[in-house]
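Data block below; observations after.
Being a predicted model, the structure only gives us computed values, none of them experimental. Proteins come first, then strands; the chains are lettered A, B, ... in the order of their sequence lines, and each starts at number 1.
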Amino acid sequence: MDNGVNSNTELVSIQNLSFSRGDRKIFNDISLTIQRGKITAIMGPSGTGKTTLLKLIGGQLYPDRGKIFVDGQNVHQLKRSDLYTLRKRMGMLFQSGALLTDLNIYDNIALPLREHTALSEPMIRTLVLMKLHAVGLRGARTLMPNELSGGMARRVALARAIVLDPMMIMYDEPFTGQDPISLGTLVKLIKAFNNALGLTSIIVSHDVKETASIADYIYFLSDGKIIGKGTPEQIKNLQSEWVQQFMKGDADGPVHFHYPASDYHKDLLNI
Amino acid sequence: MAPFISTTLLAIIIKIYLIFKIIDSMIHFFQSLGNITLSSFAKLGRSSVFLIQTLTGILSVIPRPALLFKQLYSIGVLSFLIITISGLFVGMVLGLQGFNILSDFGAEEALGVMVAASLVRELGPVVSALLFAGRAGSALTAEIGLMKATEQLSGMEMMAIDPIKRIIAPRFLAGVIAMPLLAALFSSIGVLGGHMVGVSMLGVDDGAYWSQMQANLDFQDDIINGIIKSIVFGFVVSWIALFEGYDAMPTSEGVSRATTRTVVNSAFAILGLDFILTALMFGDI
């Protein structure tokens, strides 16, 4: 499908990015690329700024240093109107779904179409029902967001993210807090959409098994640095102790079980 | 000799310590003073930018009246009950108090003009704005704050929909339109409440009540000025409420604090502005 994208193979290119919140450095000079048409996963423990990275790519936050190019455009030098034009081609799936609570499912999905296109209502209806059918929720169109389960809300948000036929989708922790069935559904949908719609997908997640099962390429982030990268196969054979601990979910290793603290015995005796 | 030296030494050390302590606390005081000043200026700056964006955002609401009507309903129509009931009671109290004072001078016939002038000039705009801040302002702050906390605003931005245009501007415009209408309703019901007590219960002459009111209230001085006041209050309360929600920390505590600030700051702003406006309109200060 033609999404109006340039033909080179890199869709997103992050160069020497640094970002800090207050005194805390979230990213320290990281560079990575996202290939077109692939599913790229960015993994790492909670609090490493994975969501922040997506907000930087989407132009909602500004980096301290470094550049981010999306489809050849420097996101942080675009004018507001150009940034908005670019965003129409980027879908984002928030962890919470971020559905508007005062609109029902149908209107939530119709919202980007109504805001950005001059399509007639019958046309919008057809498009919305097609997207809802694709995520299996055509029958739920009259429900309000608060009547949905977490998994359903995420599927609705997914339908909304693809309603403008974007060139890429960013998934923020799509698998967190899902029961096994919705988990399986989401994994299947993300893979299917990526292939069927010619999308580029970026998944930030800490759910190792599900993410590794569909990702084409994986980056590991920790303490503001990229500490490992490769295809899922390469990752399995990576020598990094940290990556191995993360992949296997061991309680202790390079990442310690204990938050840094003073000596236990002395602390108990209060000396 | 030795103990004498050590006591003086001790006294000096204690003095030096105290002096340092005082200097330290003074530095602390100035630091926090500077901090508060800087953060309030920063907030003032953010709120001004927010206001300008909102005012420009209104242009994109005009071609889409459906967005405005929905907000007029939830901000205006749903405030009807509290405004009507409060207006009735305030009018009744005015009728009662006014009658007691005026009857001392044998001027009960002036009850109508007294009730109406107090309502139209002061109590209508001010009390209805205070109620509006409590009823609609707090709701706006909580709504916007929660939309921020649940990433709805962020989600709209990522869909390339400007939340200021789509969410904030219609609410702001609805607030500015609804406030004078609610104030007018408050005053009208208040006049009826005063009539109910003064004429029906205390026996003031019905004709005198209305004709004195008609003769002594000036359209320009009283009605128009009252309307101007309530438009200003509507503007300020909507601005404060929406900005506090938009600027809230995206946590439960942040939203609850923002809601409190909306009600408190709105009350200050209404009462302070009321004095300034009254001085400009009626006073010779």
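The shortest side-chain heavy-atom distance between B:Met159 and A:Lys88 does not fall under the 4.5 Å cut-off. Inter-residue side-chain proximity for A:Met92 and B:Ser154 is flagged as unmet; no heavy-atom pair is nearer than 4.5 Å.
For the set A:Met90, A:Arg80, A:Gln95, the count of heavy-atom pairs under 4.5 angstrom toward chain B peaks at A:Arg80. Annotation: maximal heavy-atom pairing with chain B below 4.5 Å, among A:Thr101, A:Leu164, A:Val163, occurs at A:Thr101.
Contact detail for B:Met158 and A:Gly58: the closest heavy-atom pair is CE-CA, 3.7 Å. When all heavy atoms of B:Gly155 and A:Ala98 are compared, the pair lying nearest together is CA-CB, 4.4 Å.
Heavy-atom neighbours of B:Arg135 CZ from other residues, nucleotides or ligands within 6.0 Å: above the threshold of 12. Around the CZ atom of B:Arg257, the shell of radius 6.0 Å holds no more than 12 heavy atoms that belong to other residues, nucleotides or ligands. Within a 6.0 Å radius of CE in A:Met123, other residues, nucleotides and ligands contribute 12 heavy atoms or fewer. Applying the 6.0 Å contact sphere to CD of A:Glu147 captures more than 12 heavy atoms from other residues, nucleotides or ligands. Atom CE of B:Met249 has more than 12 neighbouring heavy atoms from other residues, nucleotides or ligands inside a 6.0 Å radius.
How far CD1 of B:Ile167 is from CG of A:Asp102: 6.5 Å, rounded to the nearest 0.5 Å. To the nearest 0.5 angstrom, B:Ile161 atom CD1 is 7.5 Å from A:Leu100 atom CG. A distance of 4.0 Å separates CG of B:Asp162 from OH of A:Tyr84, quoted to the nearest 0.5 Å. Atoms CD and OG1, from B:Glu151 and A:Thr51 in turn, are 7.5 Å apart once rounded to the nearest 0.5 Å.
Put simply, the side chain of B:Glu157 never gets that close to the backbone of A:Gln60: no donor and acceptor are under 3.5 Å apart.
Contacts between residues 111-121 of chain A and chain B, counted as heavy-atom pairs separated by less than 4.5 Å, involve A:Leu111, A:Pro112, A:Glu115, A:His116. Within residues 56-82 of chain B, the residues having any heavy atom closer than 4.5 Å to a heavy atom of chain A are B:Arg64, B:Lys70, listed by residue number.
Contacts between A:Leu99 and chain B at a heavy-atom distance below 4.5 Å involve the backbone alone (N, CA, C, O).
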Yes or no on side chain to side chain contact (heavy atoms under 4.5 Å, CB included) for B:Gln152 and A:Phe94, after CA distance, side-chain angles and deciding distance? CA-CA 9 Å; B:Gln152 293 182 48; A:Phe94 283 84; over 6 Å; no
